[in-house]
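Written out below as structure tokens is the structure these notes cover.
Protein chains get the first letters and strands the later ones, always in sequence-line order, with residue 1 at the start of each.
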Amino acid sequence: MAVERRTLIHWFRKGLRVHDNPALIQIFNKAGASPDKFSVRPIFVLDPGILDWMKVGANRWRFLQQSLLDLDKNLKELNSRLYIVRGKPVDIFPNLFDRWNVELLTFETDIEPYAVKRDKAVQDIAAAHGVKVDTHCSHTIYNPEIVIAKNFGRAPITYQKFLSVVEKLKLPKVLDKPQRLPNGVQPIADELEMGQSDVYECPTLDQLVKRPQELGINKFPGGEREALRRLDTSLSDEHWVASFEKPNTAPNSLEPSTTVLSPYLKFGCLSARLVHQRLHEILKRHPKHSKPPVSLVGQLLWREFYYTAAAVEPNFDRMLGNVYCLQIPWQERPDHLDAWAHGRTGYPFIDAIMRQLRQEGWIHHLARHAVACFLTRGDLWISWEEGQRVFEELLLDHDWALNAGNWMWLSASAFFHQYFRVYSPVAFGKKTDRTGAYIRKYVPELAKYPAGCIYEPWKATLADQREFGCVLGIDYPHRIVNHDIVHKENIKRMSAAYKINREVRTGKQEDEIDYDSSMSLTTRQRNASFET
DNA sequence: CTGTAGTTGAGAAT
DNA sequence: ATTCTCAACTACAG
């Protein structure tokens with residue numbers, strides 16, 4: 001009787017692709033070289049418990065479900081398949097290691113604090129079971145650890161500094177997909193006996209989506225296939241690629257003015273390293289091309305910038321105890337927060353963006369700027385953490401490091417400090433959509449308002465409102481704040497908060513600091529408890 | 001210490 | 001389309 005094969009596991013988490021996947025290639029190569037000795041098992045661990053508590057909206061679950069289905073298909077073309085293992089990683093791995101006779105586990109590293117903790121626990125379990133573990137950094141172009149080491153142990157906190165560090169680093173080699181396995185899928189004895197051949201199937205949509213009524217249109221389907229198709233389409237116009245400058249793209253065009261590769265990069269359906277290589281090839285042919293931070297390469301490097309900063313701060317998604325983050329006395333306004341989150345602020349441009357987000361799961365980067373500024377330092381004076389939570393639920397491309405980093409940026413809590421530059425919820429959108437077509441699409445109750453007042457419906461007389469079929473206070477809300485007034489007050493509040501933070505940082509005596517002009521007592525006390 | 005730059009402000013003046 | 005003013009931030013280079 002033949003000796004039972006030993007199993008090599010690749011654990012997919014992010015990185016839901018077969019191209020440029022070093023941890024996957026490792027086990028394929030090892031098994032391909034000795035097919036009689038090894039079985040390959042690519043797994044994805046699905047914890048049914050997280051469906052109840054994780055802040056993931058229906059559109060995001062659908063994207064994941066489609067990505068898993070596509071990954072299974074791509075693995076089948078390589079004579080393998082995807083095994084979905086249901087349970088918590090710390091519960092299922094001891095079992096798998098024993099039953100599958102596992103020799104090696106590989107996975108892609110992840111800097112998110114919960115992932116770091118989870119991976120450490122699994123590595124300990126593997127060690128206890130005599131299973132070797134190999135990890136690879138392939139979610140980002142540069143390894144955050146190396147960038148930090150080259151910057152003398154600290155993450156760069158300006159983009160220019162970050163650029164100067166990574167420009168000296170070697171680029172990783174981009175890998176093709178693995179060779180087909182010679183033997184195909186190997187059943188394991190105990191599964192055949194137990195008749196459980198279907199327990200590892202991909203989840204169906206209704207297994208993941210608990211509230212299907214929240215599903216919007218499926219404008220950006222998940223999966224590696226779609227990601228690579230979208231990449232090809234985006235790069236097909238080389239002049240567009242070479243001259244791309246983010247600030248010159250419209251936040252409110254009816255079709256995206258940018259690539260929308262972000263959801264695919266987030267899940268790793270698309271390799272950032274591959275995108276970078278493809279861009280580089282194109283730019284070589286176009287000597288006069290745009291450059292970071294505004295170019296397409298620059299966009300990839302922003303992602304790297306935030307990943308690097310987040311990698312060394314477990315509190316990156318919070319104000320308190322976060323080394324990068326300014327302490328600002330935000331206020332709680334659940335009614336305003338709810339109006340913002342559901343597109344009912346009474347500012348048509350803001351509401352259109354928030355409704356597009358809820359329906360489609362993606363909005364332009366500058367649209368994110370407009371609504372983030374509005375929620376925080378611009379108008380509502382609500383904590384960026386609240387906005388972060390809403391984006392986490394709704395954005396297909398939600399990525400822990402990028403979301404937190406950008407919220408800190410927009411709220412002038414970190415990385416960006418020119419808090420007196422405030423986006424106008426009226427003027428900003430007009431620059432790229434004078435007629436308000438975008439508002440008409442996403443806030444249809446205002447569709448009959450003329451261009452002259454669609455950004456400011458409160459300027460229409462009651463008679464006009466009736467004529468346009470949308471009366472404020474009945475068919476569409478009154479604006480919840482007056483931007484012209486509150487944004488000036490908020491600049492003063494920011495100025496006071498910066499002053500306090502400066503004094504705390506430079507070690508001014510506690511009793512000399514005039515907290516009351518800026519910071520509430522509760523915020524001060526919470527800060528104090530963190531500093532000790 | 002000083003000067004300057006900083007992915008993407010608004011509004012007015014030229 | 002570019003340039004200035006508004007009021008004034010931080011990080012970094014020199």
Side-chain angles (χ1 to χ4, degrees), chain A residues 151-152 154-167 243-253 256-259 262 279 289-306 308-309 322-328 347 349-350 353 363-379 402 405-434 455-456 482-506 518:
Chain A
N151 194 49
F152 313 105
R154 294 188 128 117
I157 55 169
T158 67
Y159 187 82
Q160 296 304 330
K161 195 94 221 302
F162 177 84
L163 274 187
S164 74
V165 174
V166 299
E167 271 164 4
S243 61
F244 182 94
E245 293 191 342
K246 184 68 147 283
N248 296 336
T249 58
N252 46 7
S253 52
S257 60
T258 51
T259 64
S262 53
L279 287 172
H289 58 75
S290 58
K291 291 189 169 56
V294 294
S295 64
L296 282 171
V297 169
Q299 305 311 301
L300 282 178
L301 295 180
W302 277 106
R303 177 174 179 270
E304 306 280 320
F305 171 77
Y306 287 125
T308 306
N322 179 340
V323 289
Y324 303 110
C325 189
L326 219 75
Q327 305 300 302
I328 296 172
Y347 282 92
F349 178 59
I350 300 297
I353 295 167
I363 50 179
H364 186 279
H365 188 64
L366 291 178
R368 302 180 197 200
H369 278 218
V371 297
C373 183
F374 187 88
L375 179 75
T376 58
R377 66 187 167 86
D379 295 81
L402 278 62
N406 278 307
W407 272 102
M408 282 189 270
W409 181 288
L410 259 301
S411 61
S413 299
F415 313 119
F416 170 85
H417 311 285
Q418 289 157 284
Y419 55 76
F420 32 85
R421 291 190 178 173
V422 177
Y423 290 86
S424 161
V426 171
F428 187 65
K430 283 184 185 170
K431 285 193 288 192
T432 44
D433 178 23
R434 284 177 52 86
Y455 282 87
E456 303 153 278
N482 183 330
H483 173 77
D484 293 333
I485 296 168
V486 297
H487 96 271
K488 287 180 186 153
E489 292 171 358
N490 289 344
I491 287 175
K492 292 204 181 83
R493 286 162 135 173
M494 287 300 290
S495 176
Y498 265 78
K499 184 164 178 279
I500 300 276
N501 278 267
R502 205 160 48 230
E503 287 168 354
V504 169
R505 210 176 48 220
T506 55
S518 162

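In this structure, a donor-acceptor pair under 3.5 Å is present between the side chains of A:His364 and A:Thr249. A:Arg493 and A:Asn490 form a side-chain donor-acceptor contact under 3.5 Å, judged by distance and modelled atom types alone. Looking at A:Tyr423 and A:His369, their side chains do bring a donor and an acceptor atom within 3.5 Å of each other.
Distances shorter than 4.0 Å separate none of the side-chain N or O atoms of A:Lys488 from OP1 or OP2 on C:dA7. One finds a side-chain N or O of A:Arg502 lying less than 4.0 angstrom from the OP1 or OP2 phosphate oxygen of C:dT10. For A:Gln160 and B:dT7, the shortest distance from a side-chain N or O to OP1 or OP2 is below 4.0 Å.
Backbone-only engagement by A:Phe428 is indicated by non-hydrogen atom pairs under 4.0 Å involving sugar-phosphate atoms exclusively. Across all strands, A:Val294 comes closer than 4.0 Å to base atoms (heavy-atom distances). Among the heavy atoms of the strands lying under 4.0 Å from A:Tyr419 are primed sugar atoms or P, OP1, OP2 only; no base atom is included.
Here C:dA8 is the nucleotide among B:dT7, C:dA8, C:dC12 with the atom lying nearest to any side-chain atom of A:Phe420. Comparing B:dT7, B:dT8, C:dC9 by their closest approach to the side chain of A:His369 singles out B:dT8. Minimum atom distance to the side chain of A:Ser424 is reached by B:dA10, of the listed B:dT7, C:dC12, B:dA10. Of the candidate nucleotides B:dT7, C:dA11, B:dG11, B:dT7 has the atom lying nearest to any side-chain atom of A:Gln299. Counting only heavy atoms from C-beta on, A:Tyr498 has its side chain closest to C:dC9 among C:dC9, B:dG11, B:dT7. Comparing atom distances between the A:Arg421 side chain and each of B:dT7, C:dC12, B:dT8 picks out B:dT8 as nearest.
In this structure, A:Glu245 places its CD atom 10 Å from C1' of B:dT7, rounding to the nearest Å.
Here B:dT8 sits opposite no nucleotide as a Watson-Crick or G-U wobble pair (both hydrogen-bonding atom distances under 3.5 Å). Judged by Watson-Crick or G-U wobble contacts below 3.5 Å, the nucleotide C:dA8 has no partner.
To the nearest 0.5 Å, the span separating OG on A:Ser413 from OH on A:Tyr498 amounts to 7.0 Å.
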